[in-house]
Participant: 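Have a look at the structure that comes next, please.
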Protein chains: 2
Amino acid sequence: MTETAVAGSAVVREAGATKTGSKSEQAYTSIKARIVEGTFSPGYRLVLAKIAEDLGFSVVPVREAIRRLEAEGLVKFERNIGATVSGIDPTEYLYTMQTLSIVEGAATALSAPLVDSAAIARARTINDEMRECLDHFDPVRFTSLNQDFHSVLFENCPNPHILDLVHRGWNRLASLRSSTFRFVPGRARESVREHETLLQLIESNADADTIERAARQHRSATLDAYLAQAPAITT
Amino acid sequence: MTETAVAGSAVVREAGATKTGSKSEQAYTSIKARIVEGTFSPGYRLVLAKIAEDLGFSVVPVREAIRRLEAEGLVKFERNIGATVSGIDPTEYLYTMQTLSIVEGAATALSAPLVDSAAIARARTINDEMRECLDHFDPVRFTSLNQDFHSVLFENCPNPHILDLVHRGWNRLASLRSSTFRFVPGRARESVREHETLLQLIESNADADTIERAARQHRSATLDAYLAQAPAITT
DNA sequence: GACATACTCATCGTATACGATTTCGTACAT
DNA sequence: ATGTACGAAATCGTATACGATGAGTATGTC
């Protein structure tokens, strides 16, 4: 755990990792990568001095990094107590998914007019691969491809703010890797179907409202499925 | 400019100001307040040492505060260059307004079922005051009341993430106080009308979609009006 | 007179040091 | 045995110090 450069997952890369940068930047990127990829799981105690030592830095840049991660919601930083990777309670999951469904819906609708046929083809290829993953039961790759699929659709998103919110949501979700939250039985196959529907809507230049609704539904269906199996959570 | 406690505007207060807190917290709150209220306008150079001296702190907590503000998009922090209050170019305005219309729309729709008749009454009172402000030409108070109006509608918003995004958008917008962006002729009166329409929709338990659409339209109409007078901007 | 180079100053970036606070373990009293 | 009080260790929060970088200015050459 001494090397500073972590080959981040697609999510982290997209989320604005800065290449070279100051130690503060490096610490930020590095810690974020570890949270998103699961090395630091929720509840993990981020002891400043320890992280600083691991990275070979002093505590000051690490503190700055933690502050930024706090502002993104990935860590919780309490005075005189310390920083911990943000938790995963069901309510939090609900909020995150709900927000994501809204933001992704908007991103899809905004991006749709700029998705050309080449992008559609790429997305379809990815979706086909996802279907194969289901047969071979490769949930890890499935998840990764799922993000690639949406990344293709969003790659020309005209509003960077919204794109940023999407990435933050993805990171937040990726950091919540308790199996409870990641496996919603039966959704995966339906998800692939919905992807195809989405592509057809985009191809046929459906109006923005229709696309937004479909995209939002795509995400919130997972949430609904989750809520159905955990009815105790109140909205 | 030496007192550390700034009586923040409604926006800042809502945005999560922490009462006592560490110096780092105080610096964060204080700088944020100054940006939102306009003491530090866009482009203003935030020299760490100078701010630290003004606040009576050292630079370390100030740096942390700046990092957090950076993550919220209120300041830009460049390595070895320094921090400046984020800019106001037209494109940025467009992105912010567009994002806000989406997020506010969702917040309104989510909150609507929880808005009781008392809240409706309060909102209506505020809206009446806004109408009066138009007659006396008091744009400052008008703006403040406008935020109060929406705050009433959102006060029971079930999803804190979305509420947070709304507040961030408001703060961002408040920090962009160039007159170019704040005055869109003829919108104010229409805005008051739309508020009333919105209240009626909520009162009559209109479905979520309808409310969301109306709320989103309410914000994006301002954007459209702005775009109409500055057609050079491309989406 | 214009351009390139060197120098100076303002400012940032980080390390180190130390005081402040919390937590946890241990001893003691009940 | 349980609960409380005290003390030590761990950790955080901030100040200070100093090296590093970039911007602006002066100087020299063509």
Participant: Nucleotide by nucleotide, 5' to 3', does protein get under 4.0 Å of the base (B), only the sugar-phosphate (S), or neither (-) in nucleotides 14-21 of chain D, counting heavy atoms?
Facilitator: BBB----S
Participant: Does the A:Ser191 side chain pair with the main chain of A:Arg187, one donor and one acceptor, at a distance under 3.5 Å?
Facilitator: no
Participant: Between A:Ser111 (side chain) and A:Thr108 (backbone), is there a donor-acceptor pair under 3.5 Å?
Facilitator: no
Participant: Take the protein atom CG of B:Leu48 and the nucleotide atom C1' of C:dA10, then report the distance between them rounded to whole Å.
Facilitator: 12 Å
Participant: Could you go through nucleotides 6-9 of chain C and list every protein N or O atom that sits under 3.5 Å from one of its N or O atoms, giving the distance for each pair?
Facilitator:
none

Participant: How close or far is atom C1' of C:dT11 from atom CD1 of B:Ile51, stated in whole angstroms?
Facilitator: 13 Å
Participant: What contact category does B:Ile66 fall into here, base, sugar-phosphate, or nothing, at under 4.0 angstrom with non-hydrogen atoms?
Facilitator: nothing
Participant: May I ask you to decide if the ring planes of B:His150 and B:Phe154 are parallel, tilted or perpendicular, using 30° and 60° as cut-offs?
Facilitator: tilted
Participant: Are the side chain of B:Ser86 and the backbone of B:Leu74 linked by a donor-acceptor contact shorter than 3.5 Å?
Facilitator: yes
Participant: With sequence neighbours excluded, tell me which residues meet side chain to side chain contact (heavy atoms under 4.5 Å, CB included) with A:Ser58.
Facilitator: A:Val60, A:Pro61
Participant: Would you work out how much the helix from C:dG1-D:dC30 to C:dT30-D:dA1 bends between its ends, with each end axis defined by five base pairs, to 10 degrees?
Facilitator: 10°
Participant: Output yes when B:Glu37 and B:Lys32 qualify as a salt bridge under the 4.0 Å nitrogen-oxygen rule, no when they do not.
Facilitator: no
Participant: Can you tell me the distance, in whole Å, between the CG atom of B:Leu46 and the P atom of C:dT11?
Facilitator: 12 Å
Participant: Give the minimum heavy-atom separation between B:Arg67 and A:Ser22, together with the two atoms involved.
Facilitator: NH2-OG, 4.3 Å
Participant: Quick one: pull up CZ in B:Arg122 and CG in B:Asp116 and give me the separation to the nearest 0.5 Å.
Facilitator: 7.0 Å
Participant: Tell me every residue that passes side chain to side chain contact (heavy atoms under 4.5 Å, CB included) with B:Thr99, counting only those two or more places apart in sequence or in another chain.
Facilitator: A:Asn159, A:His161, A:Ile162, A:Leu165, B:Val103
Participant: Mind calculating the distance between CD (A:Glu78) and P (D:dT11) to the nearest angstrom?
Facilitator: 16 Å
Participant: Do the charged groups of A:Arg216 and A:Glu104 touch, with an N to O distance under 4.0 Å?
Facilitator: no
Participant: How would you list, by chain and number, every residue that makes a side chain to side chain contact (heavy atoms under 4.5 Å, CB included) with B:Arg45, sequence neighbours excluded?
Facilitator: B:Val47, B:Thr84
